[in-house]
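Take a look at the structure set out below.
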Amino acid sequence: MSKKRTMKFKAETRRVLDLVIHSLYSNKDIFLRELVSNSSDAIDRLRYLALDDPDLLEEEYTPEILISIDKDANTLTVADNGIGMNDEDLKNNLGTVASSGTIKFLEEAATNAIQPELIGKFGVGFYSAFMVADTVTVHSRRAGEESGWIWVSGDTEGYTIQPAENLPVGTSITLQMKEDASEYLDNWKIESLVKHYSDFVSNPVFIRKEETDDDGSTQEKNSQINTGTPVWLRSPSDVDDAEYNTFYSHLTHDHAEPMDRFWYHGEGTIEFYSLVFIPASRGMDIMIPDRRPGLSLYARKVMIMERAESILPAYLHFIRGVVESPDVSLNVSREMLQQDRVLKTVNKVLTRKILDHLSEMLEQDREKYDKFFDLYGDFLKEGVYSDYERREDLASLLVFDTSNSEERRLLTDIVEKLPEDGSVYYLGGASLDELKRSPHLESAGDNEVLLLYGPVDLLALESLAEFKGRKFVNLASEANEKDLSKEDKQVRDKAEKEHAELIQSIKDILGDRVSGVRFSPRLRETPCILVAAQDDPGEMMKMMMRAMNQDAPETKRILELNPAHPMLASLETLSSSGEVSESFKDRVEMLLELARVLSGLKPDDPARFGRYVAELMG
């Protein structure tokens, strides 16, 4: 049996240790996840090798990862009965880094310049133990060998290796904790970390702690921490609703049952499992702009990211759940994932499957879908204007209130009933009641009008421009010349010819408060109204621009007059007297205020407008 040997870390390894301790990991808690993951890998490795050499396994072998705390000695130990290591393994796995290029990768990863795939190639997760430990001692014996070994390192300079007798097969890593790492000597802390990061590691993880028996006596026992096989890796036929709901509660800390769930196993060039939930209520943080998305990413049953941004588009961030893929590329710290073809494929496939699932819900359970849309419809609308590739699919999931129905109508149903060259009319406003009373509806006649009052309704519809070949027409904007019938054009042209001087007088009085004054054959009963020019972005868009601290363009509206309304004759009589009287000016200015009110806007001068109305009533 050889004696203790003192060996120096290579310069590259010393640099790795320095990076791991001071730069690479942003959260010290990660060390336990790394050690538990390594222990689980060692057990899996042993069972794999035992397929060809059954003698490697002891009789009635039971895999186990055991965590024990000794507060008096200030130590934390993570032990496993996996494959174990001999002296060469210890030198190769713990004493050196497997590639001369590792240091370059780690330096760039620490500065977020790149996110290299290193886990399982360089084994640097072990070094995270030095974030919390002054000294790390490893006892290990490789399966199939008689000799055991002890590896000790107390700094970044080097380590010692010496033989040891009577060690069990497997590896035990003991951390002599730093002064500022005493929190990791608490049972509750360790259990919570295992639950958080390693709950679904396939091999059982135990903690050694005192427990009280029924007779009041206390003794140390091994208590299992982790759950084991995750529900998302099991066939839905083998999992009941109670198990799914328990997992959902564990994942989200929401004790209400989810509204819906969806399981999918993707196979092909990329394999992944997914289990996603739609919460039955919107969380308090759902509308916070920088809210983190809701899917956790796992690899080999170990959580890599609690909230992975790359798995689903931002407009689906209300969905909670998990995705696991053995093909995902990871960086050395497992805290950031590489944006590569694997995640892009998962994003594309899973988003497609979720939208298909929502479409099935819409067709098979409209009542349930309506509840879903009440909660999350605005997010689908966000997707319409932010996801060009899928906007048609998202639009087919939209439902709207309309002028001709007491119930919301599916956009697809409305559009498909129109002729191929037909137009879909819409009107935006602050509330449904306001829109149903809007004079703008006169312009549509008997046609059905979409009533848009949600925060992103106008953005979604106007970003579409058309759907299934039918164009959208905003009733609050001036009519497109080609959308007017021959009869409408004749009525307008006749009125403009007969009342040309009146129109000019009104323009002179109102000046730049309006961008134009004209007659509208679309009005039936309403005397006047304000409409936006075709190039006007609209009030809703302006409000959103201002909310985002952007300068909204100052635009003037067009005053449209009803050529058949009796008020026109009254104005014509006042203007025909020659000189423009004060009474005529007052009438014209109140005409503009009336148009503002009828258009759902406030008067420019509410007090003056109120006095004018009171005088008329007197």
Side-chain angles (χ1 to χ4, degrees), residues 241 244-245 247-264 274-296 307 309 311-322 350-387 390-391 393-402 405-413 428-433 435 450-461 463 540 544 547:
D241 289 342
Y244 277 127
N245 292 339
F247 171 69
Y248 172 76
S249 179
H250 164 79
L251 178 74
T252 64
H253 306 292
D254 179 2
H255 298 293
E257 293 184 7
M259 174 187 293
D260 194 40
R261 67 173 181 263
F262 171 68
W263 180 90
Y264 178 70
S274 61
L275 175 61
V276 299
F277 299 90
I278 299 175
S281 61
R282 290 164 61 138
M284 295 292 290
D285 63 340
I286 193 72
M287 295 303 291
I288 297 176
D290 59 353
R291 178 182 185 267
R292 298 172 67 194
L295 293 191
S296 300
R307 300 286 182 91
E309 298 179 3
I311 299 177
L312 288 178
Y315 58 85
L316 292 179
H317 73 255
F318 61 89
I319 288 177
R320 304 298 304 274
V322 297
L350 186 56
T351 301
R352 172 73 271 157
K353 292 298 180 181
I354 289 174
L355 296 184
D356 288 345
H357 179 72
L358 293 176
S359 182
E360 290 177 8
M361 185 198 300
L362 173 62
E363 294 175 4
Q364 299 172 9
D365 192 341
R366 180 59 187 269
E367 182 179 356
K368 182 178 181 180
Y369 184 81
D370 284 342
K371 291 179 181 178
F372 160 79
F373 198 84
D374 284 340
L375 291 172
Y376 305 112
D378 285 345
F379 297 100
L380 299 186
K381 295 169 189 173
E382 176 189 339
V384 169
Y385 67 77
S386 64
D387 189 346
R390 304 182 184 95
R391 63 173 50 187
D393 297 325
L394 287 160
S396 67
L397 296 171
L398 301 184
V399 294
F400 292 102
D401 288 287
T402 72
S405 175
E406 292 300 317
E407 297 181 352
R408 286 181 303 190
R409 297 280 314 282
L410 187 63
L411 180 60
T412 300
D413 291 344
S431 70
L432 181 60
D433 288 341
L435 289 170
L450 305 182
L451 305 179
L452 313 180
Y453 53 91
V456 293
D457 286 2
L458 279 173
L459 274 176
L461 216 63
S463 68
M540 187 68 72
M544 293 193 67

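Taking the six-membered ring where tryptophan is involved, the planes of Phe379 and His317 are perpendicular, since the angle between them exceeds 60° and thus also 30°.
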Subject >> CA sep, side-chain torsions, deciding dist, call: Leu380, Phe372, side-chain contact (heavy atoms from CB on, under 4.5 Å) >> reply: CA-CA 11 Å; Leu380 299 186; Phe372 160 79; 3.8 Å; yes
**OP:** I would like to know whether Asp260 and His357 meet side-chain contact (heavy atoms from CB on, under 4.5 Å); could you show each step before the answer?
**Re:** CA-CA 10 Å; Asp260 194 40; His357 179 72; 2.5 Å; yes
Original post:
Taking it one step at a time, do Leu362 and Leu410 satisfy side-chain contact (heavy atoms from CB on, under 4.5 Å)?
Top reply: CA-CA 10 Å; Leu362 173 62; Leu410 187 63; 3.7 Å; yes
**OP:** Show the numbers, then the answer: is there a side-chain contact (heavy atoms from CB on, under 4.5 Å) between Phe373 and Met361?
**Re:** CA-CA 11 Å; Phe373 198 84; Met361 185 198 300; over 6 Å; no
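Under a 4.0 Å N-O distance rule, the pair Lys371/Asp374 does not qualify as a salt bridge. With respect to the salt-bridge test (charged N to carboxylate O, under 4.0 angstrom), the residues Arg261 and Asp241 qualify.
The shortest side-chain heavy-atom distance between Leu375 and Ile278 does not fall under the 4.5 Å cut-off. Residues Leu316 and Val276 form no side-chain contact, since every pair of their non-hydrogen atoms from C-beta on lies 4.5 Å or further apart. Between Leu459 and Lys381 there is no side-chain heavy-atom pair separated by less than 4.5 Å. In this structure the side chain of Leu394 reaches within 4.5 angstrom of the side chain of Tyr315, judged on heavy atoms.
The minimum heavy-atom distance between Asp378 and Val456, with the atom names listed, is O-CG2, 3.6 Å. Residues Arg391 and Tyr385 come closest through the heavy atom pair NH2-O, 4.2 Å. Closest of all the heavy-atom pairs between Leu350 and Ser274 is CD1-OG, 3.4 Å. Closest of all the heavy-atom pairs between Ser296 and Leu251 is OG-CD1, 4.1 Å.
Taking CD from Glu406 and CG from Asp401, the interatomic distance works out to 9.0 Å, rounded to the nearest 0.5 Å. Note: Phe277 CZ to Asp254 CG = 11.0 Å, rounded to the nearest 0.5 Å. Remark: Glu360 CD to Asp365 CG distance equals 12.0 Å, nearest 0.5 Å. Here CG of Asp457 is found 5.0 Å from CG of Leu452. Values are rounded to the nearest 0.5 Å. Arg409 contributes atom CZ, which lies 10.0 Å from atom CG of Leu411 (distance to the nearest 0.5 angstrom). Summarising the geometry, atom CZ belonging to Phe262 is positioned 10.0 Å from atom CG belonging to Leu275; distances are rounded to the nearest 0.5 Å.
Checked against Val384 for a side chain to side chain contact (heavy atoms under 4.5 Å, CB included), the options Asp393, Leu461, Leu398 give a single hit: Leu398.
Judged by distance alone, with hydrogens and angles left aside, the side-chain atoms of Tyr376 form a donor-acceptor pair with the main-chain N or O of Pro279 at under 3.5 Å. With hydrogens and angles ignored, the 3.5 Å screen pairs no side-chain donor or acceptor of Arg390 with any backbone N or O of Thr351.
When the side chain to side chain contact (heavy atoms under 4.5 Å, CB included) test is applied to Ser359, the partners found at least two apart in sequence or on another chain are Glu363, Leu397.
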